[in-house]
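Atoms considered below: every heavy atom in the structure, side chains included; atoms not considered: hydrogens, waters and symmetry mates. In the text below, chain A, chain B and the rest are named by the order of the sequence lines, each starting its count at 1.
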Protein chains: 2
Amino acid sequence: MPAPRPRPGGRTARIRRQVLDAVLAELGEHGYDGLTMDAVAARAGVHRATVYRRWGDVGGLLADVLDAASDDAWQPPDTGSLEGDLAALNREIQDALTAQPPIVAALIAASFRSEKADHAQRRLWEDRYARCEVIVDRAIRRAELPPHTDARPLLIAATAPVYHQLVLLRTPPDPGLPGRAARTAALAASADAFTTPSSAGDT
Amino acid sequence: MPAPRPRPGGRTARIRRQVLDAVLAELGEHGYDGLTMDAVAARAGVHRATVYRRWGDVGGLLADVLDAASDDAWQPPDTGSLEGDLAALNREIQDALTAQPPIVAALIAASFRSEKADHAQRRLWEDRYARCEVIVDRAIRRAELPPHTDARPLLIAATAPVYHQLVLLRTPPDPGLPGRAARTAALAASADAFTTPSSAGDT
């Protein structure tokens, strides 16, 4: 017998889960153009009025899906080396961007259509990149990197080619790309490419 | 008095120019959502029927704008060094992506909406990256790079952070980004990151 969930908001939270699952399913099947409030309500088994009142429009639904995605325990890979961590991270990104149904790709595409989805997508990326900074901290502690290495531009350099090829250039997935992009950034980082000029002198 | 232009197709070419200019102007003012065949025809001073017959729909107009963009004499910067060329290229990309009205950004956004625009955008990127390969050829001739350096992944690595930050992450333009991304790729390239394994041994 499932344990009772007496916390306040339990029913509200359950309805949210049903609705957001329905958004993902509809988005995976029909893409942004086929996503409607009514189809989401019907699939979730929730009153239309509830969906309109709480989420307002399709942009509101997508924004909540994206915000809910940060509400997890995801941590970046920890392989024991900077290049290994970045390569594993890039493989996760490549897998997400090429998954079927193409949920992540559809959410990114939606961020070009809806301002709410745009803002939520940016919040999600900010959250993910912030969590990834530990990769750089660990590499500094292992003396793989200079102490004042700036984490964010290193992480952007490592991951950008995967996004660029799959989301914008839309080339077929290249199994060598995650590792190559990781190696490129790690090589540049160990050659001090991401040490902030103001702090490079005081180590 | 302007010289006559007796080449066949002169009138057709002129109408195409008028229509494509009108697409750019409408796109800059209203974005993809405000772009209509009728507004383009009116602005261009061309019969609606002509526009529908020749371009079919908004996706067809956007695809032709993108295809026309390759029909130019653009060459990548030639500054005398690999890092200088890549930095200058990145500055051109950053300028294009942040220009007002935001034509290039609107065309990229449209490529998520229209399959025809998507294919044309990919053709345009392929054309631009192919032209940029001379940057790597020159660097090899100057002995800045190993002879079997693979041009395309190097160019992707150099330019991807600019696209990633401005098109996907949508962070405010960072004046240091074009140079930093160029330096990162150049450092990695001189450390052999882009030498193909099969050819690395035979130099």
Side-chain angles (χ1 to χ4, degrees), chain A residues 31-33 83 93 97 105-115 118-119 121-126 128-129 150 152-171 174 176-177 179-197, chain B residues 31-33 83 93 97 105-115 118-119 121-126 128-129 150 152-171 174 176-177 179-197:
Chain A
Y32 182 95
D33 285 312
E83 187 180 327
I93 294 170
L97 291 173
L107 287 168
I108 292 175
S111 75
F112 286 90
R113 311 279 293 270
S114 151
E115 199 173 332
D118 171 23
H119 290 163
Q121 178 70 63
R122 293 195 221 186
R123 285 193 294 273
L124 179 56
W125 263 320
E126 175 56 34
R128 290 312 197 221
Y129 278 111
D150 203 353
R152 196 59 67 96
L154 196 173
L155 293 167
I156 302 278
T159 56
V162 181
Y163 285 105
H164 192 45
Q165 292 224 14
L166 294 174
V167 180
L168 296 183
L169 304 183
R170 297 174 194 131
T171 47
D174 167 0
L177 176 62
R180 195 169 59 233
R183 195 163 53 252
T184 301
L187 277 170
S190 52
D192 269 8
F194 305 103
T195 311
T196 47
Chain B
Y32 182 94
D33 284 311
E83 187 179 327
I93 294 170
L97 291 173
L107 287 168
I108 292 175
S111 75
F112 285 90
R113 311 279 294 270
S114 152
E115 199 173 333
D118 171 23
H119 291 163
Q121 178 69 63
R122 294 195 221 186
R123 284 193 295 273
L124 179 56
W125 264 319
E126 174 57 35
R128 290 311 197 220
Y129 279 111
D150 204 352
R152 196 59 66 97
L154 195 173
L155 294 167
I156 301 277
T159 56
V162 181
Y163 284 106
H164 192 45
Q165 293 224 14
L166 294 174
V167 180
L168 295 183
L169 304 183
R170 298 174 194 131
T171 47
D174 167 0
L177 176 62
R180 196 169 57 234
R183 195 163 54 252
T184 301
L187 277 170
S190 52
D192 268 9
F194 305 103
T195 311
T196 47

- Non-neighbouring partners of B:Ala193 that pass side-chain contact (heavy atoms from CB on, under 4.5 Å), sequence neighbours left out: A:Thr184, A:Leu187, B:Ala188

- If you tally heavy-atom pairs under 4.5 Å between each of B:Leu168, B:Asp174, B:Leu177 and chain A, the highest tally belongs to B:Leu168

Exercise answer: donor-acceptor pairs, residues 155-165 of chain A side-chain atoms, under 3.5 Å, sequence neighbours excluded:
from: A:Thr159; atom 1: OG1; to: A:Tyr129; atom 2: OH; distance (Å): 2.6
from: A:Thr159; atom 1: OG1; to: A:Leu155; atom 2: O; distance (Å): 2.8
from: A:Tyr163; atom 1: OH; to: A:Trp125; atom 2: NE1; distance (Å): 3.1
from: A:His164; atom 1: NE2; to: B:Tyr129; atom 2: OH; distance (Å): 2.9
from: A:Gln165; atom 1: OE1; to: A:Thr171; atom 2: OG1; distance (Å): 2.9

- Please look at B:Ser111 and chain A and tell me whether the side chain, the backbone, both or neither of the residue comes under 4.5 angstrom of a heavy atom of that chain. both

- Task: Would you confirm whether B:Arg122, through its side chain, and A:Arg170, through its main-chain N or O, come within 3.5 Å as a donor-acceptor pair?
- Result: yes

- Message: Please identify, among B:Asp33, B:Val167, B:Ile108, the residue contributing the most non-hydrogen atom pairs under 4.5 Å to chain A.
- Response: B:Val167

- Interface moiety of A:Ala109 toward chain B, non-hydrogen atoms closer than 4.5 Å: both

- Atom pair CG/CZ of A:Leu169 and B:Arg152 - distance to nearest 0.5 Å: 9.0 Å

- Query: B:Ala181 versus chain A, heavy atoms under 4.5 Å apart: side chain, backbone, both or neither?
  - Reply: neither

